[in-house]
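Worksheet for the structure shown next.
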Amino acid sequence: MVSIQTNMHWDAVALSKYNKMLNVIPIFHRRLAQEVVNKKAEQGALARGSSIVEESDIVQAFLTEVPKAFYSLMVRIMGEVGFDYKKYI
């Protein structure tokens, strides 16, 4: 499991899916994806006026921050771990 080091709370179900996704991402991309998505997801939650990171924040972070070259891999993995990403694309 990938640990989240933050002051914000993460929805437990969304965090579980996120951890599954990070563990499937190729290891040479994993750390960078984690750093970028953690930051962007938390910014998304704050922009909504929330102190809780939800699935929508995580999905939108992946969709906006992951390079387009990895788009097909990203959406495949999101689907495999149970993220409902289609409503955000």
Side-chain angles (χ1 to χ4, degrees):
M1 175 161 36
V2 179
S3 65
I4 303 296
Q5 297 177 351
T6 179
N7 293 327
M8 295 190 72
H9 296 284
W10 288 58
D11 173 79
V13 173
L15 180 58
S16 176
K17 292 177 187 179
Y18 179 50
N19 280 323
K20 287 178 188 175
M21 185 164 179
L22 285 173
N23 286 322
V24 176
I25 291 173
I27 196 158
F28 45 92
H29 295 297
R30 191 173 299 157
R31 186 65 158 173
L32 179 59
Q34 179 185 10
E35 290 175 12
V36 171
V37 172
N38 285 6
K39 182 178 178 180
K40 189 68 171 187
E42 290 182 356
Q43 288 174 347
L46 290 172
R48 290 186 299 100
S50 178
S51 62
I52 301 173
V53 177
E54 298 177 351
E55 180 171 325
S56 62
D57 303 310
I58 298 167
V59 171
Q60 289 174 334
F62 270 111
L63 292 173
T64 59
E65 298 302 312
V66 172
K68 296 299 179 196
F70 302 107
Y71 186 83
S72 62
L73 173 64
M74 176 185 59
V75 296
R76 180 182 57 81
I77 295 172
M78 279 197 279
E80 288 175 2
V81 301
F83 278 128
D84 184 14
Y85 66 91
K86 292 181 181 177
K87 61 184 173 186
Y88 302 102
I89 55 175

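Transitive grouping of hydrophobic side chains (ILVMFWY, heavy atoms separated by less than 4.5 Å) brings V24 and L15 into a common cluster. In the hydrophobic clustering of ILVMFWY residues, with side-chain heavy atoms under 4.5 Å counting as a link, V36 and V53 come out apart.
Remark: Y18 OH to D11 CG distance equals 14.0 Å, nearest 0.5 Å. Note that the CG atom of D84 and the OG atom of S56 stand 10.5 Å from one another [nearest 0.5 Å]. For the atom pair I27 CD1 and L22 CG, the distance stands at 11.5 Å (nearest 0.5 Å). The CG atom of N38 sits 12.0 Å away from the CG atom of D57 when rounded to the nearest 0.5 Å. K87 contributes atom NZ, which lies 13.0 Å from atom OH of Y85 (distance to the nearest 0.5 angstrom). The distance from the CD1 atom of I25 to the CZ atom of R31 is 13.0 Å, given to the nearest 0.5 Å.
With sequence neighbours excluded, no residue forms a side-chain hydrogen bond (donor to acceptor under 3.5 Å, both in side chains) with E35. Applying the side chain to side chain contact (heavy atoms under 4.5 Å, CB included) test to K20 and every residue at least two apart in sequence or in another chain returns S16, V81. Shown here are the side-chain hydrogen bond (donor to acceptor under 3.5 Å, both in side chains) partners of K40, two or more places apart in sequence or in another chain: there are none. For E55, the side-chain hydrogen bond (donor to acceptor under 3.5 Å, both in side chains) partners two or more places apart in sequence, or in a different chain, are K17. Considering only residues two or more places apart in sequence or on other chains, K86 meets the salt bridge (Lys or Arg N to Asp or Glu O under 4.0 Å) condition with none of them.
At a threshold of 4.5 Å between non-hydrogen side-chain atoms, the residues M74 and M78 count as touching.
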Open item on the list: Please determine whether side chain to side chain contact (heavy atoms under 4.5 Å, CB included) holds for the pair E54 and W10, giving the CA-CA distance in whole Å, both sets of side-chain angles, and the decisive distance to 0.1 Å.
Closed with: CA-CA 6 Å; E54 298 177 351; W10 288 58; over 6 Å; no

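In this structure, V13 shares a hydrophobic cluster with no other residue, the cluster being traced through Ile, Leu, Val, Met, Phe, Trp and Tyr side chains under 4.5 angstrom apart.
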Could you list the donor-acceptor pairs under 3.5 angstrom formed between side-chain atoms of residues 59-73 and any protein atom two or more places apart in sequence or on another chain?
unit_1, atom_1, unit_2, atom_2, d
T64, OG1, Q60, O, 2.9
T64, OG1, A61, O, 3.4

